[in-house]
Amino acid sequence: MISSRIICPFVSTSPVAPADRRIDGQAVVPGSATLRTVELFNARPVLNARAEIITADNSTFRYLRMARIALNPEKPSYRPVTVTLPQTEEAIFYVNRGQIHVETSGGDFVLGMGDLVYAGLGERVTLSCVDTLCDVSEYRATECHTRYPTVMVRHADIEGTKLAADVGTKRPMSRRTVYKLVDQNIDACRLLFGDTYMQQTGGVGSYPPHFHGPDGPSGLGPNAKEEIYHFRCASDIPGDTPYVLQNCSRPPEPVNTYVHVFDEQAINVTPNYHDTIAPPAVDFMFVWCLGAYTENVRDWAQIVTRPGYENEW
């Protein structure tokens with residue numbers, strides 16, 4: 001098992017309107033002059049605020065949304081943040097770093113790095129900082145119709161269980177641990193969630209190329225899943241700008257197509273075969289969130305693998 005760890009220092013930004021969070025990437029489709037536009041988002045938090053990252057207006061996501069909450073009691077304008085979910089939305093509050101106190105109708109929790117709270121429809125969630133710095137990602141699913149109980153998940157409780165999958169044993173550079181933090185261990189309408197850590201710098205994540213459109217090979221039907229990746233990247237070369245290459249090819253294209261994704265960016269990987277390649281000096285991890293097209297159809301392993309790669313798992 002590859003342990004979770006902090007990849008890079010905390011970074012924040014000044015307030016950014018959701019429309020300005022969208023920073024489309026461009027990739028050249030091999031064998032043509034076509035440029036593919038890929039939905040990328042500046043996912044940096046705003047200190048002592050709740051910042052919307054991915055919305056219905058700045059993306060093509062139907063169900064998934066993302067926000068960031070970063071709190072520091074030693075900085076101006078600190079106060080606890082309260083999020084009241086609509087009656088048709090569920091959410092996950094995942095701790096990127098620090099310790100945070102989470103108050104809900106289902107109980108109070110103190111969470112550390114990698115821990116999360118799942119909150120059901122209409123829940124009121126109040127977050128306050130325990131450490132000097134607390135950094136939380138919020139993922140929501142819309143158009144939900146069943147209220148499930150609030151649940152806390154500790155990363156340590158998943159480690160060493162069948163929900164912590166060590167994969168990539170066939171290719172050393174792709175060895176990683178996929179922590180399925182919200183899976184069949186939690187009742188939810190649409191959400192599946194976890195984080196993935198690489199064994200080495202220059203690793204390959206989410207390999208082999210696949211996407212969650214089991215009604216394919218060229219469509220996204222009722223059993224498909226939307227998906228967000230949120231990356232943390234660091235380089236062991238001083239002054240280097242770390243990045244990963246994210247596959248954005250689509251069925252039935254014969255060649256993989258890659259776009260640059262930088263530290264603290266999120267990407268919509270829904271329509272694409274997705275695998276991730278890092279340069280040799282770059283260490284990275286990513287958080288992934290799936291949203292089921294059909295409520296309660298939450299088997300994330302229903303996938304389409306790029307032809308020829310079926311034996312690479």
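Each residue takes its place number in the sequence, starting with 1. The shown structure was predicted, so the numbers you read here are calculated from the model rather than taken from an experiment.
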How far apart are the C-alpha atoms of R22 and D24, what are their side-chain angles, what is the distance that settles it, and do they pass the salt bridge (charged side-chain N to carboxylate O under 4.0 Å, His left out) test? CA-CA 6 Å; R22 175 80 174 258; D24 286 341; 2.3 Å; yes
Any donor-acceptor pair under 3.5 Å linking the side-chain atoms of E295 with those of T146? no
Does a salt bridge link R147 with E123, judged by any charged N lying under 4.0 Å from a carboxylate O? yes
Heavy-atom donor-acceptor pair, R21 side chain to N42 backbone, under 3.5 Å: yes
Should the pair H212 and H274 be assigned to parallel (<30°), tilted (30 to 60°) or perpendicular (>60°) ring geometry? parallel
Any side-chain to backbone donor/acceptor pair from E89 onto R140? Under 3.5 Å, distance only. no
Any side-chain heavy-atom pair of V102 and V125 under 4.5 Å: yes
Polar side chain donor-acceptor pair, S77 to N48, under 3.5 angstrom: no
Is K180 reaching over with its side chain to a backbone N or O of V178, donor-acceptor style, under 3.5 angstrom? no
Would you kindly say whether S206 and T276 are connected by a side-chain donor-acceptor distance under 3.5 Å? no
Can you list the steps and then say if E90 with Y148 is a side chain to side chain donor-acceptor pair (under 3.5 Å)? CA-CA 9 Å; E90 60 184 357; Y148 292 106; over 6 Å; no
Donor-acceptor pair between D115 and Y94 side chains, under 3.5 angstrom: no
Do the non-hydrogen side-chain atoms of L111 and R154 ever get within less than 4.5 Å of each other? yes
Answer yes or no: is there a side-chain heavy-atom contact under 4.5 Å between N185 and L163? yes
Residue from Y139, F193, F109 passing side-chain contact (heavy atoms from CB on, under 4.5 Å) with L116: F193
Ring-plane angle category for Y229 and F231, please: parallel below 30°, perpendicular beyond 60°, tilted otherwise. perpendicular
For M66 versus A266, what's the shortest heavy-atom pair and its separation? SD-CB, 4.1 Å
Short question: side chain of T294, backbone of P222 - any donor-acceptor pair under 3.5 Å? yes
Measuring only between side-chain heavy atoms, which start at C-beta, is S3 closer than 4.5 Å to Y197? no
Counting N and O atoms only, with roles assigned by atom type, does the side chain of E39 sit under 3.5 Å from a partner on the main chain of T60, one being a donor and the other an acceptor? yes
Taking K225 for the side chain and I303 for the main chain, is one N or O donor matched with an acceptor at less than 3.5 Å? no
Taking all heavy atoms of H145 and all of L121, pick out the closest pair and write down the distance. C-CD1, 3.8 Å
Closest contact, heavy atoms only, M198 versus I2: O-CG2, 3.4 Å
Is R176 reaching over with its side chain to a backbone N or O of S174, donor-acceptor style, under 3.5 angstrom? yes
Of all residues at least two apart in sequence or in a different chain, which pass the disulfide bond (SG atoms under 2.5 Å apart) check with C134? C129
Does R190 make a cation-pi contact with Y63 (under 6.0 Å, within 45 degrees of the axis)? yes
Any idea which heavy atoms bring S249 and N256 closest together, and the distance? OG-OD1, 3.5 Å
Pair D195 + R232, salt bridge at N-O below 4.0 Å: no
Evaluate the ring planes of H155 and Y179, with Trp represented by its six-membered ring, and classify them as parallel (under 30°), tilted (30 to 60°) or perpendicular (over 60°). tilted
Heavy-atom distance under 4.5 Å between the side chains of D166 and R175, does that happen here? no
Going through the distances and angles, do T55 and D57 end up as a side chain to side chain donor-acceptor pair (under 3.5 Å)? CA-CA 5 Å; T55 69; D57 294 328; 5.0 Å; no
Decide if the gap between the ring center of W288 and the ring center of H230 is smaller than 6.0 angstrom. no
Would you call I69 and E138 a side-chain contact if the rule is heavy atoms closer than 4.5 Å? yes
Going through the checks in order, is the salt bridge (charged side-chain N to carboxylate O under 4.0 Å, His left out) test met by R62 and E143? CA-CA 9 Å; R62 178 172 177 180; E143 298 184 40; 3.5 Å; yes
Of the non-hydrogen atoms in V244 and C233, which two are nearest, and what is the gap between them? CG1-SG, 4.0 Å
Assess the residue pair E253 and R36 against the criterion (salt bridge (charged side-chain N to carboxylate O under 4.0 Å, His left out)); give the C-alpha distance rounded to whole Å, side-chain angles, the decisive distance to 0.1 Å, and a yes or no. CA-CA 12 Å; E253 294 169 349; R36 170 154 297 154; 2.5 Å; yes
Within the 4.5 Å heavy-atom criterion, are V182 and I92 side-chain neighbours or not? yes
